[in-house]
Amino acid sequence: MAPHTEQLTRPAVRLRGLTRSFDGRVVLDGIDLDIPAGQFVALLGHSGSGKSTLLRAVAGLDHEVVGGGELIAPERVSVVFQDSRLLPWRRVLDNVLLGLDGEDAAGRGREALAEVGLAGRERAWPSELSGGEQQRAALARSLVREPELLLADEPFGALDALTRIKMHNLLRELWERHRPSVLLVTHDVDEAIVLADRVLVLEEGRIGVDLAIERDARARGEYRGRLLAALGVTEDVR
Ligand SMILES: Nc1ncnc2c1ncn2[C@@H]1O[C@H](COP(=O)(O)OP(=O)(O)OP(=O)(O)O)[C@@H](O)[C@H]1O
Ligand SMILES: [Mg+2]
């Protein structure tokens with residue numbers, strides 16, 4: 001196989017037998033998962049089901065995780081959390097540029113800020129930005145590194161409903177333009193269906209549901225029902 005084709009077909013993330021326990025309690029119980037390059041995956045699951053633990057393992061932040069077989073992730077990985085984690089004593093552009101070098105770094109940082117709608121706010125302090133703007137700055141900081149894999153742990157969890165919808169559009173737009181693989185942890189079934197091409201449900205330490213999402217609005221109600229059922233939620237609003 002030519003190197004180029006190989007690059008296209010090789011999964012960006014490959015997990016085999018990923019296991020993690022805390023004090024003898026098994027949280028991840030032999031997870032097998034492949035994420036093809038460029039795929040947008042959402043990960044659902046109850047609170048405490050191990051979503052963040054899985055994400056941290058893929059990010060390479062957990063040195064005690066046991067890969068029975070393999071834990072392969074790309075070299076360039078960016079992580080976005082529920083809070084923006086901007087350093088309060090650095091201006092917005094300096095936060096975006098943190099740890100970045102190269103002659104054109106500042107230019108790329110400005111471009112990334114413009115992409116998330118923060119042109120002109122480069123010299124603001126993080127405390128001068130709204131919650132949504134801080135999350136956009138965090139997205140710019142991850143994008144400027146041109147990640148092959150974007151990991152996001154409930155990045156919109158703390159935002160109001162309206163801002164969240166705007167952030168959904170922005171994230172989907174950025175993904176379409178840059179095409180990293182994405183693993184997005186969320187509590188929100190609708191967010192998962194709107195954003196992702198594939199939705200996973202983590203239950204009892206395993207991937208219990210692995211659902212491909214067609215981008216057809218008519219199918220959304222059906223996905224919603226299936227995912228809510230998998231999460232043991234019944235909607236009974238009369
Ligand atoms: N450092 C740790 N030490 C001990 N237990 C931990 C640690 N990190 C996670 N756990 C436990 O592992 C389980 C899974 O935690 P995790 O944070 O991955 O859940 P989650 O699915 O992300 O939940 P949430 O939706 O509430 O964020 C929990 O029971 C948690 O208490
Ligand atoms: Mg979590």
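Counting starts at 1 for both ligands and their atoms, following the listed order. Positions are given from 1 along the sequence. These numbers were taken from a predicted model, which means no experiment stands behind them.
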Donor + acceptor pair across side chains of H168, E173 (<3.5 Å): no

Could you give the side-chain donor-acceptor pairs of residues 140-147 under 3.5 Å, partners two or more places apart or in another chain?
| from | atom 1 | to | atom 2 | distance (Å) |
| --- | --- | --- | --- | --- |
| R141 | NH1 | R85 | O | 3.0 |
| R141 | NH2 | S84 | O | 2.7 |
| S142 | OG | A138 | O | 3.4 |
| S142 | OG | L139 | O | 2.8 |
| R145 | NH1 | V96 | O | 3.2 |
| R145 | NH1 | R141 | O | 2.6 |
| R145 | NH2 | L98 | O | 2.1 |

Under 3.5 Å: donor-acceptor pair, side chain of R136, backbone of V116: yes

Quick test of your reading: applying side-chain hydrogen bond (donor to acceptor under 3.5 Å, both in side chains), list the pairs with at least one residue in residues 40-52, sequence neighbours left out, ordered by first then second residue. S52-D153

Have T186 and E154 got a donor and an acceptor in their side chains that come within less than 3.5 Å? no

In the structure I gave you, are the side-chain heavy atoms of Q135 and Q82 within less than 4.5 Å of one another anywhere? no

Around the Mg ion (ligand 2), what protein N, O or S atoms are found below 2.8 Å? S52 OG

Test item: F40 and L171 side chains (from C-beta on) under 4.5 Å apart, heavy atoms: yes

Could you please spell out the steps behind the salt bridge (Lys or Arg N to Asp or Glu O under 4.0 Å) verdict for R121 and E128? CA-CA 9 Å; R121 308 301 299 277; E128 293 170 339; 5.8 Å; no

Let me know which of L86, N95, L159 forms a side chain to side chain contact (heavy atoms under 4.5 Å, CB included) with Q134. L86

Those residues with a heavy-atom separation under 4.0 Å from ligand 1 are F22, R25, V27, H46, S47, G48, S49, G50, K51, S52, T53, E154, H187

